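For reference, the structure is listed below as structure tokens.
What you are looking at is a predicted structure, and each value in this text was computed from that prediction instead of being measured.
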Amino acid sequence: MRIGVVTFPGTLDDRDALRAIRIAGGTPVSLWHGDDDIQGVDAVVLPGGFSYGDYLRCGAIARFAPVMNTIAKLAGPPDQVAPGLPVLGICNGFQVLTESHLLPGALVRNEKQQFVCRDQKLRIERTSTSWTNAYSQNDEIVVPLKNGEGGFVADEPTLDRLEGEGRVVARYLEGNPNGSYRDIAGISNASGTVVGLMPHPEHATEALYGPEGTDGCDGLPFFTSALQGVLSA
């Protein structure tokens with residue numbers, strides 16, 4: 001399975017995502033923001049970083065990149081039930097997904113106006129997605145988190161709809177690091193093919209290199225999930 005990783009100007013976690021895909025057993029493919037050809041990949045990762053320097057608003061410029069025009073067309077609208085192109089947006093990639101309207105809501109400055117960098121405990125609450133089907137329901141994992149604008153916000157009807165439709169993929173445990181509404185760390189589209197996640201699973205895919213107190217590989221199932229191709233949403 002070939003999984004593309006997009007590099008925008010300012011992206012810094014693209015190499016980590018490429019390595020995670022390789023460790024999971026997939027074939028990583030580098031994609032450039034200025035190209036509208038995604039080289040026939042089976043799935044796409046939008047990695048973390050500071051696309052276009054985060055000028056204007058995080059992800060607001062990246063959404064207009066030629067590669068995003070192609071990805072948005074193949075991924076389909078957020079309420080589409082039929083599966084489209086699987087896309088995982090991590091941190092800045094999550095911001096790009098909301099700015100592109102592939103996912104609802106927005107990411108805003110952290111509640112305490114401070115950059116946060118720490119190991120973060122999460123509970124996986126939706127396993128019927130392209131990126132979490134290798135987990136079990138309510139699995140608790142620890143992966144790194146690092147963001148200054150990671151607070152997920154949406155109006156109450158949208159939050160209720162996400163909860164009611166089971167589209168909250170992951171929720172923060174043992175402390176909300178950024179003021180995200182309802183402790184939401186990640187959400188999906190209706191079909192479960194598009195997932196946005198603020199913490200970084202690509203930094204927890206190798207033994208001895210992940211957070212202390214774990215085997216270091218709590219994030220690896222995000223990438224093996226895509227390889228299994230179980231689109232049960």
Side-chain angles (χ1 to χ4, degrees), residues 1-8 11 13-33 35-49 51 59 62-63 65-103 124 126-135 143 167 169-170 186-205 217-233:
M1 183 174 185
R2 303 170 72 245
I3 301 179
V5 177
V6 178
T7 299
F8 301 98
T11 294
D13 290 324
D14 45 350
R15 291 180 180 272
D16 303 74
L18 291 164
R19 184 171 64 249
I21 292 164
R22 188 177 301 111
I23 292 170
T27 301
V29 178
S30 295
L31 300 176
W32 185 241
H33 70 104
D35 296 333
D36 57 11
D37 180 5
I38 64 169
Q39 303 180 38
V41 296
D42 302 294
V44 168
V45 174
L46 304 177
S51 60
R63 65 162 291 197
V67 73
M68 286 306 303
N69 292 331
T70 302
I71 290 170
K73 289 176 183 176
L74 296 174
D79 294 325
Q80 176 176 291
V81 175
L85 177 72
V87 182
L88 172 63
I90 303 169
C91 196
N92 189 231
F94 189 5
Q95 294 160 344
V96 174
L97 288 176
T98 58
E99 291 289 342
S100 301
H101 305 298
L102 291 173
L103 291 175
I124 303 298
R126 183 179 185 187
T127 58
S128 58
T129 82
S130 301
W131 302 96
T132 55
N133 59 70
Y135 289 104
V143 297
R167 290 167 56 181
V169 172
I187 60 172
S188 73
N189 65 353
S191 69
T193 48
V194 178
V195 169
L197 184 74
M198 187 48 58
H200 289 259
E202 79 279 19
H203 295 328
T205 58
C217 302
D218 281 6
L220 187 58
F222 273 91
F223 302 95
T224 55
S225 291
L227 299 182
Q228 291 176 16
V230 181
L231 307 178
S232 55

Locate the shortest heavy-atom distance separating [X] from [Y]; write the atom from each residue and the value.
X	Y	answer
Arg126	Ser188	NH1-OG, 2.5 Å
Phe94	Met198	CD2-N, 3.7 Å
Thr205	Ala20	CG2-CB, 3.8 Å
Val45	Phe223	CG2-CE2, 4.5 Å
Val5	Pro47	CG1-CG, 3.9 Å
Val41	Leu85	O-CD1, 4.1 Å

Side-chain heavy-atom pair [X], [Y] within 4.5 angstrom cut-off:
X	Y	value
Asn189	Gln80	no
Asp35	Leu31	no
Ile38	Val67	yes
His200	Val143	no
Arg22	Pro28	yes
Ser51	Glu99	no
Pro201	Ile90	yes

- request: Please work out which of the three classes, parallel, tilted or perpendicular, describes the rings of Tyr135 and Phe222, given edges at 30° and 60°.
  value: perpendicular
field: Greater than 12 external heavy atoms within 6.0 Å of Arg19's CZ
entry: yes
[X] (side chain) donor-acceptor with [Y] (main chain) under 3.5 angstrom:
X	Y	result
Ser225	Ala134	yes
Trp131	Gly192	no
Thr27	Arg2	no

- prompt: Of Leu18, Asp42, Val44, Leu227, which is the lone residue that meets side-chain contact (heavy atoms from CB on, under 4.5 Å) with Ile3?
  reply: Leu227
statement: The side-chain contact (heavy atoms from CB on, under 4.5 Å) partner of Leu97 among Asn92, Ile71, Leu102 is Leu102
Looking at [atom1] of [X] and [atom2] of [Y], how far apart are the two atoms once the value is rounded to the nearest 0.5 Å?
X	Y	atom1	atom2	result
Met1	Gln228	CE	CD	10.5 Å
Arg167	Thr129	CZ	OG1	12.0 Å
Leu46	Cys91	CG	SG	12.0 Å
Asn69	Arg63	CG	CZ	9.0 Å
Leu88	Thr193	CG	OG1	11.5 Å

message: Salt bridge check, Asp36 against Lys73: does any charged N sit closer than 4.0 Å to a carboxylate O?
response: no
message: Using the rule given for side-chain contact (heavy atoms from CB on, under 4.5 Å), can you reason through Met68 versus Val6, listing the C-alpha separation, both sets of side-chain angles and the distance that settles it, and then say yes or no?
response: CA-CA 9 Å; Met68 286 306 303; Val6 178; 5.7 Å; no
task: In sequence, state the C-alpha distance, the side-chain angles, and the governing distance for Ile23 and Leu220, and then conclude on side-chain contact (heavy atoms from CB on, under 4.5 Å).
output: CA-CA 8 Å; Ile23 292 170; Leu220 187 58; 4.1 Å; yes
